[in-house]
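For reference, the structure discussed in these notes is given below.
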Amino acid sequence: MSKIKIIFFLILGFVAYKGYEAFTEFEIGVSDRVAVLEKSADFERQGEVIALMMYLGDPPELNEHLLVKNESKCLDMKQIAEETSFAYYECAVVDANIRGGKIISINEELKVLE
């Protein structure tokens, strides 16, 4: 019976040690914290994102763009926007400069989503 108690206390000690180490080294939720810090620090980055883009004029020229979380959300927003205005809307994967959760500029349109 004493061997089982020793093994139990060793396992309990190991779990407590790993929990303490994870807490002090910020291993838990680091990616979420980085995203929050990037937004609040006004940090500019470049990457591939999904954007809802509005075109106006003849020939159509890019007038507005909006960062969207996922493809289905973008397509839903596009449908609503087309029903309520006369502009041309497009969902696309773009290479863009992003600051504070907003698209600053679009470098290249990579793929149109339908």
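Just so you know, these numbers come straight off a predicted model, no measurement behind them.
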Roughly how far, to the nearest 0.5 Å, is CG of L10 from NZ of K5?
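Rounded to the nearest 0.5 Å, the NZ-CG separation comes out at 14.0 Å.
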Quick one: do [X] and [Y] end up in the same hydrophobic cluster if we chain Ile, Leu, Val, Met, Phe, Trp and Tyr together by side-chain heavy atoms under 4.5 Å apart?
X	Y	result
I50	I103	no
V68	Y88	no
L52	M54	yes
M53	I98	yes

Considering residues at least two apart in sequence or located in another chain, which fulfil the side chain to side chain donor-acceptor pair (under 3.5 Å) criterion with N70?
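Listed in chain order: S72.
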Pairing residues for E82 by the side chain to side chain donor-acceptor pair (under 3.5 Å) criterion, not counting sequence neighbours:
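Testing E82 for side chain to side chain donor-acceptor pair (under 3.5 Å), a comparison that skips the adjacent residues, returns none.
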Please list every donor-acceptor pair under 3.5 Å in which a side-chain atom of residues 104-114 meets a protein atom from a residue at least two apart or in another chain.
from	atom 1	to	atom 2	distance (Å)
S105	OG	N97	ND2	3.1
N107	ND2	N97	OD1	3.4
E109	OE1	Y55	OH	3.3

With sequence neighbours left out, which residue pairs that include part of residues 83-114 fulfil the disulfide (SG to SG under 2.5 Å) condition?
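Of all non-adjacent pairs touching residues 83-114, those that pass disulfide (SG to SG under 2.5 Å) are C74-C91.
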Taking all heavy atoms of L67 and all of G101, pick out the closest pair and write down the distance.
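Looking at all heavy atoms of both residues, the shortest contact is CD2-O, 3.3 Å.
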Pairing residues for E61 by the side-chain contact (heavy atoms from CB on, under 4.5 Å) criterion, not counting sequence neighbours
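So E61 forms no side-chain contact (heavy atoms from CB on, under 4.5 Å) with any residue.
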Among Q79, K78, M77, side chain to side chain contact (heavy atoms under 4.5 Å, CB included) partner for Y89:
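Only one option passes, and that is K78.
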Qualifying residues under salt bridge (charged side-chain N to carboxylate O under 4.0 Å, His left out), relative to E44, sequence neighbours excluded
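Result, salt bridge (charged side-chain N to carboxylate O under 4.0 Å, His left out) vs E44: R99.
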